[in-house]
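Written out below as structure tokens is the structure these notes cover.
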Amino acid sequence: MKSGQKQIMKLPHPIHGTFAGVGYARDRAGLPLKAVRVPVPEPVADQVLIRVAASSLNPLEYKLAELNFLGRTPPVALGFDLAGVVADVGPDATGVTVGDEVVAMADLNGDGGWAATGRGSYALARRFLTVRKPSSLSFRDAAALPMCFLSAFAGLHGVVQAGDTVYIPGGGGGVGHLAVQMAARAYGAGTVISSGGRPESIALARRSGAHHVFDYRRDDIAAEIAELTDGRGVDLVFDATYSEQSFAATAKTVRRGGRWIVLGVGPGRTTRVAETASPVAAILAERGATYVNVNLLRYYSEPATLDGEARAFLQRGMDLAMEWANAGLVVPHVSRTIDSTVEAINEGLGSLKTGGGVLGKIAVIVDPELGGPAH
Ligand SMILES: NC(=O)c1ccc[n+]([C@@H]2O[C@H](COP(=O)([O-])OP(=O)(O)OC[C@H]3O[C@@H](n4cnc5c(N)ncnc54)[C@H](OP(=O)(O)O)[C@@H]3O)[C@@H](O)[C@H]2O)c1
């Protein structure tokens with residue numbers, strides 16, 4: 001630690017040495033998560049230690065608790081989206097200083113930043129996944145961005161061309177609403193089509209810039225898209241729903257020679273524990289469409305081994321998240337803000353797991369001193 005950088009650590013604060021995080025204490029324990037005691041970590045190499053103000057919930061967190069698929073040894077603290085203040089920096093973490101307000105993603109194979117007491121925590125992030133927070137963005141809104149924004153960015157950046165017709169199902173979801181905003185407002189797609197299963201999610205997809213939004217429970221979306229595109233189909237689909245039903249339906253909407261981009265493990269693997277037959281590959285082959293699988297886990301789970309190109313790509317994503325949020329092009333929709341307690345986090349993750357109950361993002365106020373009250 002360099003001289004002068006202890007300042008934040010020395011601020012009067014309830015955390016000394018260790019703190020109570022929220023996570024799993026047993027291999028594949030699943031929900032409900034528990035309070036787990038973790039040390040305030042020391043940053044090495046390019047790591048940045050962040051005093052966490054706010055975070056948000058992602059489905060990934062309950063999936064890690066259920067399946068422990070990165071092979072961690074519990075206890076494991078969760079809460080990978082981070083917004084807060086730099087408390088310390090490793091020797092190779094240049095360009096950020098103690099006291100800077102930042103937004104970051106923690107390594108998925110490290111500990112996250114939720115606090116069981118609702119009174120603050122510390123977490124580490126790599127320098128290339130840490131960016132300065134613009135003052136126009138609250139800690140709460142900033143913390144809604146990293147994982148979902150980067151997921152959409154990884155699927156769409158350099159792929160959506162101005163004027164393209166794009167179909168993004170689930171435009172009221174955490175990833176979906178940001179993907180719709182990026183396609184419509186930042187990448188200049190000509191027509192953005194989306195879907196939702198509830199009036200609120202359909203409305204959020206519309207507010208996010210989608211030109212046509214269908215109800216996936218009622219409408220024949222393939223027929224609607226065929227009509228909108230004079231029978232051609234869309235240039236690309238970005239499907240982040242993790243729904244086998246959605247995968248089979250959206251694959252049928254891609255034009256001949258178009259692209260079908262899926263987030264995560266992809267068709268036939270959505271539950272991670274069982275493989276099921278999926279018609280997607282055959283549907284795409286018939287159309288000569290390209291199947292692209294975007295799985296960010298391979299980036300996040302081995303961040304120390306990423307090459308310069310991958311690091312630069314993710315850093316660019318984090319920079320653009322801040323730039324576009326500051327410009328109002330991308331506006332994270334936080335539908336619920338909760339205190340960082342075991343009970344509130346379990347309830348929020350339970351809603352994400354059940355599906356259909358969450359709109360946009362659930363934010364977590366980890367440190368009310370920095371992040372303001374949840375209510
Ligand atoms: N591996 C990776 O790189 C990675 C990264 C980030 C996220 N993910 C995964 O991606 C998934 C989405 O994450 P999220 O944060 O966006 O979750 P979320 O907020 O729960 O959103 C899920 C969305 O899917 C929609 N949906 C569900 N079934 C559908 C169907 N049959 N047709 C069309 N839309 C449907 C929902 O719409 P309604 O609410 O309107 O029903 C909702 O908008 C999660 O499974 C997450 O774990 C993976």
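Every value quoted in this text rests on a predicted model; they were computed, and no experiment measured them. Atoms within a ligand are numbered from 1 in the order they appear, just like the ligands themselves. Hydrogens, waters and symmetry mates are skipped; everything else that's a heavy atom, side chains included, is used.
- Geometrically, ligand 1 and Val175 share a nitrogen or oxygen pair separated by less than 3.5 Å.
- Remark: among candidates Ser194, Gly170, Gly197, Pro59, the nearest residue to atom 25 (C) of ligand 1 is Gly170, based on non-hydrogen atoms.
- Taking a cut-off of under 4.0 Å to the non-hydrogen atoms of Ala240, the atoms of ligand 1 that pass are 10 (O), 11 (C), 12 (C).
- Nearest-residue assignment for atom 21 (O) of ligand 1 (options Gly155, Ser351, Gly196, Gly173; heavy-atom criterion): Gly173.
- Remark: the backbone N or O of Leu67 is not paired with any side-chain donor or acceptor of Lys63 at under 3.5 angstrom.
- Checked by distance only, ligand 1 and Tyr216 come closer than 3.5 Å through their nitrogen or oxygen atoms.
- Between Glu61 and Lys353, none of the side-chain N atoms (NZ, or NE/NH1/NH2) sits under 4.0 Å from a carboxylate O, so this pair counts as no salt bridge.
- Residue contact check for ligand 1: Asn295 places a non-hydrogen atom closer than 4.0 Å to it.
- Here's the thing with Leu296: one of its N/O atoms is less than 3.5 angstrom from an N/O atom of ligand 1.
- Val76 and Val36 are not part of a single hydrophobic cluster, where members link through side-chain heavy atoms under 4.5 Å apart.
- Ligand 1 has no N or O atom lying under 3.5 Å from any N or O atom of Thr241, backbone or side chain.
- A salt bridge between Arg259 and Asp164 is absent, with no side-chain N of the basic residue lying under 4.0 Å from a carboxylate O of the acidic one.
- The closest approach between Gly355 and ligand 1 stays at or above 4.0 Å for every heavy atom of the residue.
- A salt bridge links Asp367 with Arg51: at least one charged nitrogen is closer than 4.0 Å to a carboxylate oxygen.
- Residue Phe247 is found in a hydrophobic cluster whose other members, listed by chain and number, are Tyr167, Ile193, Phe214, Tyr216, Ile221, Ile225, Leu228, Val234, Val237, Val254, Trp260, Val262, Val280, Leu284, Tyr291; membership requires side-chain heavy atoms under 4.5 Å apart, directly or through intermediates.
- Any N or O atom pair closer than 3.5 Å counts here, and Leu263 shares no such pair with ligand 1.
- Tested against His157, the residues Tyr187, Phe149, Phe238 include a single ring pair (Phe, Tyr, Trp, His ring centres under 6.0 Å) partner, Tyr187.
- Within the 4.0 Å heavy-atom criterion, neither part of Lys361 lies near ligand 1.
- When heavy-atom distances to ligand 1 are checked against a 4.0 Å cut-off, Ser151 comes that close only through its side chain, counted from C-beta outward.
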With a cut-off of 3.5 Å and sequence neighbours excluded, list every side-chain donor-acceptor pair involving residues 316-327.
unit_1	atom_1	unit_2	atom_2	d
Asn326	OD1	Ser136	OG	2.4

